Amino acid sequence: MAALLLLRACRRPAIAGAYNYTYPGTATANHRQASTEAAATASEQLANAGGLVGFWQTLSNSTPVAHMQDVLIKIHDYSGLPWWASIVLSTFLFRSVVTLPLTIYQHKITARIEKIALEMPAIVEELKKEAAMAKQKFKWSDQQTQIVYRRSIKKQWQNLIVRDNCHPMKTMIVLWGQIPLWIFQSVALRNLVYMLPDPLSIQAQIVTTEMTIGGFGWIPNLTVVDSSYILPVTLGLINLAIIEVQAMSRTRPPTRLQGIANNVFRGLSVVMVPVACTVPSALCVYWVASSSFGLAQNLLMLSPEIRRSVGIPKTQTELSQPYDLLWLKIQQRLRLVERPPADKPAAK
């Protein structure tokens with residue numbers, strides 16, 4: 001630890017040249033030099049590669065990723081936590097500041113859309129009467145009447161959306177914040193592990209060295225893959241749990257599009273397991289922490305008390321006892337409780 005404290009002080013260029021470094025777990029400074037040269041060679045190969053690799057190289061050198069790296073290092077330095085705990089802390093911090101407010105806003109928009117949808121049946125009936133009167137008065141054909149009628153419905157729906165400021169595209173706002181955050185933090189952690197974008201930087205070498213002893217339990221070294229596969233499998237299970245919680249919390253039968261989307265996300269969750277088996281453990285720790293936050297967030301947003309406390313209006317489809325319903329559906333899927341006849345799929 002004394003060596004690491006000395007290395008942190010040497011992050012300033014003026015002091016960096018005054019010491020010969022001996023890293024924990026390395027016999028000589030030549031081993032670190034060899035690692036640095038190997039990283040530099042890998043960086044040069046990536047820079048010379050084209051296509052998708054070239055894109056990732058550009059992303060690795062981008063300004064948002066550089067800022068994310070700096071923030072991660074500062075959180076680690078100021079908190080004094082080991083790297084695995086710093087990754088978890090930064091993940092919870094970023095998601096609390098970025099994705100949690102966006103999720104609350106998304107739920108508010110969804111509730112507003114549901115409320116204005118309840119106004120439409122009365123409006124539709126009124127428009128039908130007006131269309132019938134206009135058809136008789138102006139001698140319109142059935143086709144002309146239908147065109148005017150549909151345009152009127154569309155206009156009334158748009159007026160309601162503008163009135164309550166709840167455009168359906170705003171329900172995708174969480175993805176607009178969560179996906180860039182996930183990408184930038186993933187690439188930033190990868191850069192820290194592989195001493196990118198400048199393998200010759202003393203700061204990059206120090207951070208990578210700290211990560212080699214900054215793990216926990218069965219993965220003391222965060223720069224290597226989790227050979228036990230515990231984290232990758234955990235990641236897949238948590239992602240599947242998120243999808244199933246969202247599916248089981250719906251009070252209406254899923255549409256065909258929702259069913260397809262659920263199956264696609266289930267497939268992606270399974271695909272992420274072998275991907276996580278090939279990346280450094282630092283990335284696995286981040287992905288598991290991020291997914292765990294997402295699962296907890298989804299469960300909390302089901303609670304009527306939590307929803308009222310953050311200003312989400314009550315709707316007809318809101319579950320009064322969401323956790324009891326989830327537990328019942330889990331038991332039904334595990335065949336611990338028999339499904340009621342009304343829930344059984346109709347025979348084809």
Side-chain angles (χ1 to χ4, degrees), residues 92 95-96 99-115 117-118 166 168 170-175 177-179 182 231-273 276 287-348:
F92 289 176
R95 292 209 56 166
S96 297
T99 62
L100 181 57
L102 292 179
T103 299
I104 294 172
Y105 182 71
Q106 181 189 54
H107 280 275
K108 291 180 179 179
I109 295 299
T110 303
R112 292 176 193 172
I113 292 176
E114 185 173 339
K115 281 183 172 294
L118 297 177
C166 57
K170 291 184 178 180
T171 59
M172 306 293 291
I173 194 170
V174 174
L175 296 180
Q178 184 171 329
I179 291 179
W182 188 88
L231 284 180
V233 172
T234 301
L235 174 66
L237 293 176
I238 294 175
N239 287 336
L240 286 174
I242 292 173
I243 298 168
E244 298 309 317
V245 166
Q246 292 176 343
M248 290 188 293
S249 61
R250 292 194 184 101
T251 56
R252 298 174 180 174
T255 63
R256 182 180 178 184
L257 182 60
Q258 288 174 334
I260 294 174
N262 285 341
N263 289 331
V264 169
F265 287 125
R266 288 186 183 109
L268 290 175
S269 299
V270 174
V271 169
M272 281 297 295
V273 175
W287 291 347
V288 170
S290 180
S291 295
S292 299
F293 187 97
L295 178 59
Q297 178 180 275
N298 277 274
L299 290 172
L300 285 175
M301 286 296 103
L302 291 176
S303 169
E305 292 78 12
I306 297 293
R307 293 171 69 88
R308 298 296 88 74
S309 66
V310 295
I312 301 174
K314 186 176 181 179
T315 61
Q316 288 187 342
T317 58
E318 181 179 285
L319 300 174
S320 58
Q321 296 179 323
Y323 305 119
D324 291 342
L325 178 62
L326 281 179
W327 177 237
L328 176 61
K329 289 190 175 182
I330 290 172
Q331 290 179 307
Q332 290 175 346
R333 290 197 177 189
L334 296 176
R335 300 184 184 278
L336 300 177
V337 175
E338 185 178 357
R339 291 175 181 264
D343 291 341
K344 292 183 179 180
K348 294 183 179 180

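Keep in mind that this is a model prediction, so the values were computed, not measured. Along the sequence shown, residues carry numbers from 1.
In this structure, M172 CE and I179 CD1 are separated by 8.0 Å, a value rounded to the nearest 0.5 Å. With rounding to the nearest 0.5 angstrom, the CG atom of L237 is 11.5 Å from the CD atom of E244. Atom CZ of R250 sits about 11.5 Å away from atom OG1 of T317, to the nearest 0.5 Å. To the nearest 0.5 angstrom, L102 atom CG is 10.0 Å from L175 atom CG. With rounding to the nearest 0.5 angstrom, the CG atom of L268 is 9.0 Å from the CE atom of M272. In this structure, H107 NE2 and T171 OG1 are separated by 11.0 Å, a value rounded to the nearest 0.5 Å.
In this structure a side-chain-to-backbone donor-acceptor pair under 3.5 Å is missing from Y323 to L302. At distances below 3.5 Å, at least one donor-acceptor pair connects side-chain atoms of R95 with backbone N or O atoms of S290. A distance-only check finds a donor-acceptor pair linking the side chain of K115 to the backbone of K314 [under 3.5 Å]. Between the side chain of S303 and the backbone N or O of L300 there is no donor-acceptor pair closer than 3.5 Å. A donor-acceptor pair under 3.5 Å is absent between the side-chain atoms of S291 and the main chain of V288, judged by distance alone.
Contact between S292 and I238 at its shortest, heavy atoms only, is OG-CD1, 3.3 Å. Pairing each heavy atom of G294 with each of I242, the nearest pair is C-CD1, 4.1 Å. Here the shortest heavy-atom pairing between S320 and P304 reads O-CG, 3.8 Å. Nearest approach of R112 to C166, heavy atoms of both residues: CB-CB, 3.8 Å. Taking each heavy atom of S269 and I243 in turn, the nearest pair found is OG-CD1, 3.4 Å. The shortest non-hydrogen separation linking L326 to S249 is CD2-N, 4.3 Å.
In this structure, the salt bridge (Lys or Arg N to Asp or Glu O under 4.0 Å) partners of R307, at least two apart in sequence or on a different chain, are E318. Every residue two or more places apart in sequence or in another chain that forms a ring-ring contact (aromatic ring centres under 6.0 Å, His included) with F293 is listed here: F92.
Two residues are said to be in side-chain contact when any heavy atoms from C-beta on lie closer than 4.5 Å; L235 and L231 fail this criterion.
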